There are 2 protein chains.
Amino acid sequence: MARIKTEKNISRKDVIVTKAAALFREKGFKAASMRDLAEAVGVEAASLYNHIKSKTELLHELCFSVANRFLHKIDEIEAEPISSIAKVEKLLRFHINEMIMHYEEVYVSDREWKHLADPYLSNFQNQRRIYRKRFAAIIEKGIQNKEIKKIDAPTAVLIMLHAISGIESWHRSTQKISAAELEENMITILVGGLVNH
Amino acid sequence: MARIKTEKNISRKDVIVTKAAALFREKGFKAASMRDLAEAVGVEAASLYNHIKSKTELLHELCFSVANRFLHKIDEIEAEPISSIAKVEKLLRFHINEMIMHYEEVYVSDREWKHLADPYLSNFQNQRRIYRKRFAAIIEKGIQNKEIKKIDAPTAVLIMLHAISGIESWHRSTQKISAAELEENMITILVGGLVNH
DNA sequence: TAATATCGCTAACGGATGTTAGCAAAGATA
DNA sequence: TATCTTTGCTAACATCCGTTAGCGATATTA
């Protein structure tokens with residue numbers, strides 16, 4: 001009988017969620033089957049249900065844990081006594097690092113949230129909308145300060161967030177530049193596109 | 001008996017492909033069923049097979065028609081006697097307009113190509129890789145000319161392409177700025193992030 | 001109008017899917 | 001060791017999926 005291996009402070013459920021992130025990233029939520037997931041975990045499909053309620057629950061966990069991390073970060077950054085452009089840069093660096101280090105979860109949260117079911121779906125969409133508005137507000141402030149070019153702030157947010165999701169391609173590419181170089185390049189281009197010269 | 005309505009020069013297959021693009025965009029390729037598609041077309045699922053060979057064929061058509069449009073455009077732009085930064089701008093404007101006007105096809109091609117089956121899959125990935133390299137080469141040339149900042153060209157390409165895919169959010173947003181404004185904002189930020197001041 | 005090709009329908013297929021029931025093995029606790 | 005809880009297994013379910021066969025209806029052509 002093959003047991004799910006756990007280490008200290010990592011529940012069997014956590015193991016499943018982590019493997020699910022990798023699988024959902026690779027195949028997409030719909031195309032990834034519970035039998036696929038079971039195989040990745042090293043167990044039969046039915047056994048998964050001793051630890052989780054449903055396939056969608058896995059998606060909930062992934063989407064909301066990622067969303068919460070970003071919400072906490074923007075809370076923190078908004079409160080700091082620094083320039084708007086510095087706030088934007090800090091937020092971007094956080095996004096970049098999250099995408100570099102927790103790539104699978106972040107990617108899944110970004111691409112597969114459509115498959116959430118209500119009420120989680122509306123909830124997630126709301127959080128997302130609010131987050132983007134707060135991000136846009138920081139940029140708007142920077143425009144008023146003349147730190148940032150006169151641009152449409154929501155469009156800028158949209159560009160920043162989607163640009164960062166391109167790190168997915170970096171992960172899959174064979175000849176990667178280092179993570180640090182990637183971060184600096186992205187900041188150079190994105191912040192460089194915003195600042196008022 | 002409900003027939004698929006066609007207009008002049010539009011085959012029934014074209015009608016199906018177009019509806020498929022909308023459906024695949026909305027639900028994702030895997031989650032969109034042939035019965036969904038049939039309903040959107042106004043016909044029974046089995047009837048679709050009088051016009052198409054398979055569900056995947058729909059994806060082929062969408063992915064490759066989009067890819068071909070971009071390849072033709074980059075052919076054209078490479079040959080023009082203009083500065084590197086002007087080439088980048090032209091290419092970006094093309095991407096932006098494609099995403100604005102043929103949003104559903106472009107989006108599907110971008111997000112759902114993973115579900116292609118070999119040999120189409122490898123083929124598509126190759127075309128994509130080559131396209132990005134050609135795009136990167138234009139940027140690289142601009143860096144040598146000192147028109148463009150010293151950045152990692154592949155990373156810049158990645159940012160540009162993904163940033164543009166953010167237009168999807170613009171499409172779904174309720175209070176949109178105009179398409180023309182969107183284009184100018186994106187060019188301002190993205191080209192502004194590249195040019196060497 | 002008669003002959004032919006096109007198109008849409010119903011019915012059904014084989015297979016994959018998420019999930020449940022019920023039992024057995026293993027670990028934890030006493 | 002005896003008891004209880006946790007975990008995994010096999011088997012099976014209902015449902016959905018893409019797709020095919022075969023027939024009748026409709027449009028096209030002569």
Side-chain angles (χ1 to χ4, degrees), chain A residues 1-21 23-24 26-63 108 112 114-118 120-121, chain B residues 1-21 23-24 26-63 108 112 114-118 120-121:
Chain A
M1 207 175 252
R3 290 208 126 206
I4 299 176
K5 291 179 188 169
T6 60
E7 301 174 18
K8 208 169 47 179
N9 286 335
I10 298 182
S11 70
R12 276 164 236 267
K13 180 168 175 175
D14 288 340
V15 173
I16 295 172
V17 171
T18 302
K19 293 278 186 187
L23 200 69
F24 294 169
E26 188 192 334
K27 300 197 166 192
F29 177 75
K30 267 285 177 180
S33 77
M34 294 304 277
R35 285 165 179 87
D36 290 336
L37 178 55
E39 194 181 343
V41 172
V43 105
E44 292 300 317
S47 308
L48 298 172
Y49 288 85
N50 287 318
H51 307 282
I52 62 164
K53 281 196 283 291
S54 67
K55 188 187 182 187
T56 347
E57 190 206 3
L58 293 168
L59 193 57
H60 302 162
E61 304 246 344
L62 288 167
C63 288
V108 167
E112 306 293 339
K114 282 187 189 182
H115 299 104
L116 288 170
D118 265 327
Y120 298 97
L121 178 60
Chain B
M1 208 175 253
R3 292 208 125 207
I4 299 177
K5 291 178 188 171
T6 61
E7 300 176 16
K8 208 168 50 179
N9 286 334
I10 298 182
S11 70
R12 276 165 236 268
K13 180 168 175 176
D14 289 339
V15 173
I16 295 172
V17 171
T18 302
K19 293 277 186 186
L23 200 68
F24 294 170
E26 187 191 336
K27 299 196 167 196
F29 176 75
K30 267 285 179 179
S33 76
M34 294 305 278
R35 286 165 178 89
D36 290 336
L37 178 56
E39 194 181 345
V41 172
V43 106
E44 292 300 317
S47 308
L48 297 171
Y49 288 85
N50 286 318
H51 307 283
I52 61 163
K53 283 197 282 290
S54 66
K55 186 188 183 186
T56 347
E57 190 206 2
L58 293 168
L59 193 58
H60 303 162
E61 303 244 346
L62 289 167
C63 288
V108 168
E112 306 292 340
K114 281 189 188 180
H115 299 103
L116 288 170
D118 265 326
Y120 297 97
L121 179 60

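As the structure is a prediction and not an experimental result, all values here were calculated from the model. All values below come from the heavy atoms of this structure, side chains included, with hydrogens, waters and symmetry mates left out.
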Contacts of A:Ala46 meeting side-chain contact (heavy atoms from CB on, under 4.5 Å) (sequence neighbours excluded), chain-then-number -> none

Side-chain atoms of B:Ser47 come closest, of C:dG8, C:dT17, C:dA21, to C:dG8

Against the side chain of B:Glu44, the closest entry in C:dC9, D:dA11, D:dT7 is C:dC9

B:Arg12 CZ to C:dA5 P, in whole Å, measures 17 Å

B:Glu57 atom CD is separated from D:dG18 atom P, nearest whole Å, by 15 Å

Notebook entry, point to check: So with a 6.0 Å cut-off around NZ of B:Lys55, is the heavy-atom count from everything else above 12?
Noted result: yes

Cationic tip of A:Lys30 above B:Phe29 ring, under 6.0 Å, 45° of axis: no

With the side chain defined as heavy atoms from C-beta on, A:Arg35 is closest, among C:dT20, C:dT17, D:dT7, to C:dT17

Separation of D:dT6 atom P from A:Lys13 atom NZ, nearest Å, is 15 Å

Checklist entry - NA contact type, A:Ala32, heavy-atom cut-off 4.0 Å: base, sugar-phosphate, or nothing? => result sugar-phosphate

Of D:dG18, C:dC7, C:dT19, the nucleotide closest to the side chain of B:Tyr49 is D:dG18

Just so I know, are the side chains of B:Leu37 and B:Leu58 near enough to count as touching, which here means a heavy-atom distance under 4.5 Å?
yes

Rounded to whole Å, the CG-C1' distance (A:Asp36 to C:dG18) equals 13 Å

Separation of D:dG24 atom P from B:Asn50 atom CG, nearest Å, is 16 Å

Rounded to whole Å, CG of B:Leu48 lies from P of C:dT6 at a distance of 18 Å

Check your understanding: Under 4.0 Å between a side-chain N/O of B:His51 and OP1 or OP2 of C:dT6, yes or no?
Key -> no

A:Lys30 atom NZ is separated from C:dA16 atom P, nearest whole Å, by 17 Å

With the side chain defined as heavy atoms from C-beta on, B:Val43 is closest, among D:dG18, D:dT10, C:dG8, to C:dG8

The nucleotide from D:dT19, C:dG18, C:dT20 with an atom nearest the side chain of A:Ala46 is C:dT20

To the nearest angstrom, the CE-P distance between B:Met34 and C:dC9 comes to 14 Å

*asked:* For the CD atom on B:Glu57, are there more than 12 heavy atoms of other groups (residues, nucleotides or ligands in this structure) within a distance under 6.0 Å?
replied: yes

